[in-house]
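Report on one structure; see the data block that follows.
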Amino acid sequence: MAFSRLVTVSLCSSLALALAGCGDPQGASDSGSDGESSDSGETADETDGASSNSTDGSSATDPGGSESDSGVETTGSPVVMAPAKGISITHVEANQGTRVDIGQGADWVDGAGRDGFLVRDRDMMLRVHYTVDPNWVAHDVEARLLLKYPDGTEETKTQTVEVTGDSFEGELKRTFYFGLVAEEGQVQPGTKFQVELWEDEAMAVGDEGVWATPASGPNFIGLEADPMELKIVLVPIHYQADGKDIIATVTDSDLQAIENYFHEANPVQRVLLEVHDPLPYTQSVNGLSPILNATAQLRQQENPAPNVYYHALLDQGCQFTGCTNGGLLGQAIDIPGPGQGQGYLRVASSMYHTPDDKVTEMSLETIVHEHGHSQGQYHIFCPGGGAAGTDNTYPDPDGKIQAWGFGIRYFTLHNPNVEVDYMSYCRPQWFGPWTWNKAYERIRALTSWDQGDVPQPPTYPILIGAHNSDGSTEWWTADGVIPPERLSATETIQFTIGGETTAQPAAIHEMVESDEYWVVTPLPASLDSIKGITHVSGEQSTPINPASVRALHHTADFVSP
C-alpha cells in the first residue's frame with residue numbers, strides 16, 4: 001500500500017483566544033441573527049480575548065494615574081474589585097462544534113441535563129451569557145474562569161468586557177468567552193470549572209444577581225474519557241477518458257482544508273488523513289458508482305483495519321459529474337452499520353473541483369457529507385432540498401441545526417435560525433447536537449477497536465455484484481460479515497457446486513441517491529469449485545460466469561447464512 005502524504009495534526013495554531021482564525025476561512029458562515037450583524041471570525045485583541053492567568057483568582061489593579069479601559073480618569077486610589085451587581089449569568093456553554101450548556105443560572109448542569117457529548121483533548125470555547133438590570137450603566141465587568149485540574153493544580157483565566165446590555169449569542173464580544181486549548185492540557189477529563197463576574201466596587205449599581213456559576217463551587221466540565229479518531233484514506237483518481245488526462249491533485253493547502261472540515265464537523269481529537277497514490281481509471285464516467293466499485297476493490301486488496309474509510313476524489317475539470325450544469329457531487333455505498341465486518345462498505349466518493357489550484361467549498365462540503373453516509377448518517381430533510389431517503393427521526397422539521405455552533409478551526413459562529421444540517425441538500429450547512437451525538441457514538445465504537453481489548457469477530461468470504469446505471473455489472477469477492485437482518489426475501493444467488501445447486505439469500509445495498517446497487521451474499525466455496533452462479537431477483541434470473549469474478553478475499557473459512 002503506497003501513500004504520498006500523511007496528515008495527523010492541524011497546521012493551524014492552537015485555539016489561543018483572541019479567537020484568530022488560521023488559513024483560509026472558506027466555508028465560514030455568517031452568524032448574525034434576526035437582522036443583527038456578527039463579528040464571528042473577527043480577530044480579537046490580546047486584551048479583548050481571554051487572558052491568563054493568576055492562580056489565586058485575584059485581578060490586576062490599576063495603580064492610579066492612568067486611564068481605565070472605560071476611558072474614565074482614575075484617582076490615585078486602587079480599584080477595589082467586588083462581585084458584580086445588576087448582572088446575572090443566564091447560562092454557561094461549552095462549545096466544541098455545537099452548544100452544550102454546563103451551567104444554567106447559578107446551577108451546574110449534570111450529564112442528564114446536557115444535549116451533547118464533550119470530547120477530551122479537543123479545543124473548546126467556553127462562553128458566558130448574561131442579562132442586566134433595567135437601570136444598568138455601561139461599564140467594565142471582569143469574568144474569571146477557574147479551572148481545577150485532576151492533578152490538583154488550578155488556573156484562572158480572566159476577560160474584561162464593557163457590558164452595555166444583555167449578552168447576544170450571535171456576537172462573540174457581546175458575551176464573555178474563553179478558549180480552552182487541548183495542547184496546553186486544559187481539556188482533560190475530570191477538570192472542574194467555575195465562572196465569576198467581578199467589577200469595580202465603585203461602579204456597582206443594582207441588586208446582587210447570579211454572579212457565580214456554579215454558585216456552590218467548581219464542578220465538572222463533563223469531558224468524556226473516550227479516545228476519538230477518524231482514519232480516512234483519500235484516493236485521488238487519475239481520470240483518463242473522454243479525451244481527458246486529469247489527476248485529482250491534493251495540494252498541502254487543500255489537504256489542510258479537508259482536515260479542517262473533517263475536524264470541525266466531527267467529535268474527534270484527531271483526523272488521520274492519508275493520501276493514496278493516484279488510482280488510474282480509463283472508462284468514461286457520467287456517474288460515480290464505477291469509481292466507488294474501483295475504490296471498494298482497492299480497499300479490499302489492501303485489507304486495512306475495519307475502521308479505515310476510503311474516499312475517492314474525482315476531478316473531471318468541473319464541479320459535477322459529466323461536466324453538466326447539474327449532476328452528482330458525491331456518492332456513498334448505502335449506510336453501513338457499526339459492525340467490524342462491514343468495513344467493505346466504508347467507501348465513498350466525491351467530485352474534487354480545483355479551479356485556480358484550490359479546492360472549492362462545495363467539494364469540501366461534499367466530502368464531509370458523503371463521509372457522513374459512510375459513518376451511518378441518512379439524509380436530513382430541508383424545504384426545497386429534494387434529498388431522498390431522509391431520516392424522519394431528525395428533531396427539526398426544516399432541518400435546522402437547533403443550537404448555536406462554533407467552528408474550532410475557522411473560529412466562526414453558526415446560526416441555528418439560518419443554518420441546516422450538513423446531511424441535508426440545503427445551505428448554509430453546519431450541525432447540531434443530534435448529528436454530533438450520532439457521529440460520537442459511531443466514532444467511539446470504531447476508535448475502540450484500536451484499544452486492544454475489543455475482539456474482532458471473524459469475517460468470511462462474500463460475493464459482491466455491483467449493478468451500474470448503464471446496465472453493466474461487475475463481480476468480486478471480499479471479506480466481511482452480512483448482518484442477517486439485511487438479507488432479502490426476494491434476492492437470491494444460486495451456486496452450482498459438485499453437480500448440486502443451492503440458493504442463498506442476498507443483501508441489497510443501494511447507492512445513495514441512485515438506482516444502482518450491490519448484491520452481497522456469503523461465498524459458500526472457493527471460486528474454482530463453483531461451476532455456476534445465477535442472480536435471481538424476483539422472476540428474473542441472470543447467469544454470472546464464475547471466471548469473471550475477481551477473487552479478492554483473504555479468508556478461506558466459507559460459511560452459509
Side-chain angles (χ1 to χ4, degrees), residues 15 17 50-59 81-85 87-131 141-159 161 167 169 175-182 184-199 208-228 267 269 403-404 406 408 433 436-437 440 444:
L15 181 74
L17 295 193
S51 61
S52 230
N53 290 332
S54 64
T55 57
D56 61 358
S58 62
S59 65
M81 301 296 286
K85 294 183 177 179
I87 184 171
S88 286
I89 298 171
T90 57
H91 53 276
V92 179
E93 71 170 270
N95 204 319
Q96 296 179 311
T98 188
R99 170 180 160 177
V100 177
D101 284 353
I102 59 176
Q104 290 182 345
D107 300 324
W108 174 66
V109 178
D110 63 11
R114 299 189 179 189
D115 293 330
F117 294 98
L118 295 174
V119 182
R120 65 175 299 173
D121 302 322
R122 176 183 172 93
D123 291 346
M124 171 186 292
M125 181 177 68
L126 194 148
R127 206 168 178 210
V128 184
H129 305 265
Y130 52 83
T131 58
V141 176
E142 178 184 277
R144 301 177 186 174
L145 170 63
L146 172 63
L147 299 172
K148 299 188 72 171
Y149 298 115
D151 63 2
T153 60
E154 297 182 2
E155 178 179 10
T156 296
K157 291 174 170 282
T158 65
Q159 185 189 49
V161 170
S167 63
E169 289 183 302
T175 61
F176 298 100
Y177 57 95
F178 299 91
L180 275 61
V181 181
E184 297 179 9
Q186 296 171 348
V187 196
Q188 307 173 44
T191 300
K192 295 183 177 181
F193 81 100
Q194 186 182 40
V195 174
E196 296 179 341
L197 302 183
W198 292 73
E199 66 185 351
E208 182 175 299
V210 178
W211 65 274
T213 304
S216 58
N219 216 321
F220 294 107
I221 293 176
L223 294 152
E224 305 292 336
D226 304 308
M228 302 286 287
Q269 291 108 21
W404 280 91
F406 177 70
I408 63 174
W436 174 265
N437 293 339
Y440 188 98
R444 174 170 60 183

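Worth saying up front: this structure is predicted, and the values here are computed from it rather than measured.
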- What residues form a ring pair (Phe, Tyr, Trp, His ring centres under 6.0 Å) with Phe176, not counting sequence neighbours? Tyr130
- Item | Ser216: partners by side-chain contact (heavy atoms from CB on, under 4.5 Å), with sequence neighbours left out | Pro214
- Item | Trace of the side-chain contact (heavy atoms from CB on, under 4.5 Å) decision for Ile221 with Met124 | CA-CA 11 Å; Ile221 293 176; Met124 171 186 292; 4.2 Å; yes
- Task: Look up atom CZ in Phe178 and atom CZ in Arg144, then write down how far apart they are to the nearest 0.5 Å.
- Result: 10.5 Å
- Item | Any residue meeting side-chain hydrogen bond (donor to acceptor under 3.5 Å, both in side chains) with Arg120, in chain and number order, not counting sequence neighbours | none
- Query: Does a side-chain heavy-atom distance below 4.5 Å link Glu199 with Ile87?
  - Reply: no
- Message: So, using ring pair (Phe, Tyr, Trp, His ring centres under 6.0 Å) as the criterion, who are the partners of Phe220 when residues are at least two apart?
- Response: none
- Which residues share a side-chain hydrogen bond (donor to acceptor under 3.5 Å, both in side chains) with Glu93, sequence neighbours left out: Asn95, His129
- Message: Strictly distance-based, threshold 3.5 Å: is any side-chain N or O of Gln186 a donor or acceptor partner for the main-chain N or O of Val181?
- Response: yes
- Query: Going from CD on Gln269 to CZ on Arg122, what distance comes out if it is rounded to the nearest 0.5 angstrom?
  - Reply: 9.0 Å
- Atom CH2 in Trp198, atom CE in Met81: separation rounded to 0.5 Å? 8.0 Å
- Query: What is the distance from atom CD of Gln194 to atom OG1 of Thr156, rounded to the nearest 0.5 Å?
  - Reply: 9.5 Å
- Message: My understanding is that only residues two or more places apart in sequence, or in another chain, count here; which of them pass salt bridge (Lys or Arg N to Asp or Glu O under 4.0 Å) with Asp226?
- Response: Arg444
- Query: Looking at Pro267 and Val119, what are the two nearest heavy atoms and their distance?
  - Reply: CB-CG2, 3.7 Å
- So among Asp110, Leu118, Asn219, Thr213, which one has a side-chain contact (heavy atoms from CB on, under 4.5 Å) with Ile102? Leu118
- Locate the shortest heavy-atom distance separating Gly116 from Val100; write the atom from each residue and the value. O-CG1, 3.7 Å
- Say you draw a straight line from CG of Leu146 to NZ of Lys157; how long is it, rounded to the nearest 0.5 Å? 12.0 Å
- Note on the structure: In terms of heavy-atom contacts, Glu169 and Trp404 come closest through OE1-NE1, 3.1 Å
- Message: My understanding is that only residues two or more places apart in sequence, or in another chain, count here; which of them pass side-chain contact (heavy atoms from CB on, under 4.5 Å) with Ala106?
- Response: Val210, Ala215
- Note on the structure: Correct closest heavy-atom pair for Ile408 and Gln96 would be CG2-O, 3.8 Å
- Message: I'd like to check the side-chain contact (heavy atoms from CB on, under 4.5 Å) partners of Thr98; sequence neighbours left out, ordered by chain and number.
- Response: Ala403, Phe431, Pro433, Trp436
- Query: Considering all heavy atoms of both residues, which atom of Leu197 and which atom of Ala143 are nearest to each other, and what is their separation?
  - Reply: CD2-CB, 3.8 Å
- Message: Once side-chain contact (heavy atoms from CB on, under 4.5 Å) is applied, do any residues pair with Pro150, and if so which ones, sequence neighbours excluded?
- Response: Gln188, Thr191
- Message: Applying salt bridge (Lys or Arg N to Asp or Glu O under 4.0 Å), can you list everything that pairs with Lys85, at least two apart in sequence or on another chain?
- Response: none
- Query: Taking only residues at least two apart or on different chains, which pairs with a member in residues 100-109 satisfy side chain to side chain donor-acceptor pair (under 3.5 Å)?
  - Reply: Arg99-Asp101
- Test side-chain hydrogen bond (donor to acceptor under 3.5 Å, both in side chains) applied to Thr175 - qualifying residues, sequence neighbours left out: Arg127
- Nearest non-hydrogen partners of Asp123 and Ala182, listed with the distance: OD1-N, 2.9 Å
